[in-house]
Amino acid sequence: MHTNSSGLKALEWDNYLSWLAFNGHGDQAHALETQLSSGNRQAYAAALFSDDFVANSQQRGQDFWDAGQRQQWQTLRAQVPQQLANSPLYQWGLAAGNARPARFISAALVPVSPWLCLALLALLPLAMASERRLGSGRTLALWLLGSIVAGIGYLLTSRAGQSPFHGAVGWFALSGAFFLLYRQPLSLSLGGRALVIRPLWLMPLPLLALTTWALLNPPLPSALTAALAALLTGASLALLLQPAAPDEDAEQDEPAPDPQQVRLLSEGWEALGQLNGSAASHSFQQVLADQPRHFDALTGLFTASQQQQDIALWEDTAHRLFVHPASGPEQCRQVLHCWQQFRQRHGADLPAPVGWPLVATLARGQAFADAEALADRLDNDPAQHAALSTLIATLESEGLTHRSGRWKEKLQTR
């Protein structure tokens with residue numbers, strides 16, 4: 001702005017300080033005078049934006065200005081709106097001498113208020129889940145691009161006199177990525193139990209952070225625009241950057257069931273519902289007599305043998321289920337659930353020919369902690385190479401290359 005050098009400051013600055021002191025704001029007058037003397041040229045802006053002071057000067061100008069000075073003051077004051085409209089400091093909070101419009105891009109790294117930091121930390125689980133699916137490199141790119149688009153959105157909707165854009169808006173980009181990547185329920189293993197979480201349950205977290213962000217970053221419309229732009233950018237980029245999903249429509253090993261199988265399976269599950277383990281076991285074993293690798297019959301027999309308290313049959317069925325080449329995430333989750341039950345009751349020791357195929361199944365089901373813990377306990381076996389290859393491939397597809405390294409070494413040293 002040019003008001004400092006135009007003569008307006010020389011005319012009204014002393015009057016403004018006197019007006020503040022007369023109206024009970026002597027401390028503010030002293031603070032502004034100190035700021036100005038220390039080289040802060042923007043201290044004069046307080047007078048520039050004081051409508052009450054301008055109205056007072058219009059009424060009492062003849063007390064301290066002559067006719068020529070009053071005319072000069074009115075002329076200079078009339079020029080202020082146009083000067084402000086052309087000032088990047090007033091429009092976007094950017095100093096004219098060192099505007100640095102790139103701060104609208106680098107604003108994601110600027111510290112924010114402690115309350116806003118706490119609200120954004122609520123998004124940490126979402127961000128970590130997004131990084132797990134995308135990998136560190138893609139996540140960093142998503143953060144930066146989301147922040148850039150948010151800054152542009154803020155800039156386009158900003159109005160004259162707004163404070164500059166700042167704050168870690170990249171969190172919202174990672175949240176948008178999470179809700180794009182995880183549209184299906186998540187299965188987490190906690191204390192040996194499977195916990196299913198639906199992404200919809202987590203929706204209040206970004207809404208809480210978004211509300212806090214908007215309230216603590218005035219003006220409200222521009223802050224909302226920036227955060228929503230980051231959210232949508234994160235979802236859009238996740239759609240482009242996500243690793244290719246494995247083909248879940250591969251043909252099943254089992255042929256299509258015939259009506260007799262359908263009847264036997266229905267009878268078996270109905271008997272399970274009635275806690276009749278003996279009848280259920282009989283029905284499932286009839287199916288397995290014709291198709292020993294039938295997945296639904298194996299899982300049914302696993303449950304039925306538990307109801308019967310037939311430990312030998314239960315262990316045998318568990319081993320048959322663990323070596324089954326489970327296909328698709330649903331079958332892998334069922335095997336994981338059966339493994340957790342087996343481990344609680346029987347311990348984590350398995351023969352290597354049974355354990356290594358189970359490692360591969362757990363890896364395909366993204367139960368990486370369970371797969372790695374089991375792999376650490378198993379002896380060498382011909383099935384080890386295929387299982388470790390599967391584990392390494394699935395870890396790397398999820399961006400967990402730091403965890404796949406040691407399995408590569410073990411694979412190379414066998």
Side-chain angles (χ1 to χ4, degrees), residues 124-143 174 177-178 181-182 186-195 197 238 241-248 250 318-319 321-329 331-344 346-414:
L124 184 60
L126 281 61
M128 294 175 64
S130 299
E131 183 180 15
R132 177 179 174 180
R133 179 66 63 89
L134 292 174
S136 300
R138 292 188 179 99
T139 302
L140 178 60
L142 187 145
W143 171 286
L174 298 181
F178 171 84
L181 295 171
Y182 294 93
L186 306 177
S187 179
L188 302 178
S189 176
L190 295 177
R193 296 188 178 184
L195 176 64
I197 297 180
L241 298 176
Q242 64 178 322
D247 182 10
E248 297 175 4
H319 288 186
L321 187 59
F322 296 158
V323 299
H324 189 283
S327 60
Q331 287 192 2
C332 291
R333 281 194 291 268
Q334 290 185 56
V335 173
L336 169 62
H337 184 63
C338 292
W339 164 238
Q340 290 169 343
Q341 294 182 47
F342 183 89
R343 186 177 58 198
Q344 286 180 338
H346 193 272
D349 293 327
L350 284 176
V354 175
W356 284 116
L358 177 58
V359 168
T361 299
L362 296 177
R364 287 195 298 271
Q366 297 185 343
F368 299 123
D370 293 275
E372 291 180 285
L374 178 59
D376 280 327
R377 302 176 64 93
L378 295 173
D379 298 327
N380 292 336
D381 187 81
Q384 179 180 355
H385 185 278
L388 287 180
S389 298
T390 300
L391 177 59
I392 293 168
T394 51
L395 284 170
E396 292 183 343
S397 69
E398 295 298 317
L400 302 175
T401 53
H402 60 288
R403 291 171 61 176
S404 65
R406 73 185 185 102
W407 300 114
K408 286 183 178 180
E409 294 178 2
K410 185 170 184 177
L411 191 60
Q412 293 169 356
T413 57
R414 307 184 45 243

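Being a predicted model, the structure only gives us computed values, none of them experimental. Hydrogens, waters and symmetry mates play no part in the numbers below; they use all other heavy atoms, side chains included.
Between Ala387 and Ala360, the shortest heavy-atom contact is CA-CB, 4.0 Å. The two residues Leu391 and Glu372 make their nearest non-hydrogen contact at CD2-CG, 4.2 Å. Between Cys338 and Leu321, the shortest heavy-atom distance links the atoms SG-CD2, 3.6 Å. Across every non-hydrogen atom of Asp381 and Ala352, the tightest pair is CB-CB, 3.7 Å.
Taking CD1 of Ile392 as the reference point, atom CH2 of Trp407 lies at 9.0 Å (rounded to 0.5 Å). Here Arg333 contributes atom CZ and Leu362 contributes atom CG; the two are 13.0 Å apart, rounded to the nearest 0.5 Å. Separating the CZ atom in Arg343 from the CD atom in Gln341 is a distance of 11.0 Å, to the nearest 0.5 Å. Trp356 CH2 to Thr390 OG1: the interatomic distance, rounded to the nearest 0.5 Å, is 11.5 Å. Here NE2 of His324 is found 13.0 Å from CG of Leu358. Values are rounded to the nearest 0.5 Å. How far OG of Ser389 is from CD of Gln384: 10.0 Å, rounded to the nearest 0.5 Å.
Side-chain contact between Thr394 and Gln366: absent, with no pair of heavy atoms (C-beta onward) separated by less than 4.5 Å. Between Leu350 and Arg377 there is no side-chain heavy-atom pair separated by less than 4.5 Å. Put simply, the side chain of Lys408 does not reach to within 4.5 Å of the side chain of Leu395, judged on heavy atoms.
When the side-chain contact (heavy atoms from CB on, under 4.5 Å) test is applied to Thr361, the partners found at least two apart in sequence or on another chain are Ala326, Cys332, Val335, Arg364. Residues satisfying the side-chain hydrogen bond (donor to acceptor under 3.5 Å, both in side chains) test with Gln334, not counting sequence neighbours, are none. In this view, Asp379 satisfies the salt bridge (Lys or Arg N to Asp or Glu O under 4.0 Å) rule with no residue, not counting sequence neighbours. Legend: residues meeting ring-ring contact (aromatic ring centres under 6.0 Å, His included) with Trp339, ordered by chain and number and at least two apart, are Phe322.
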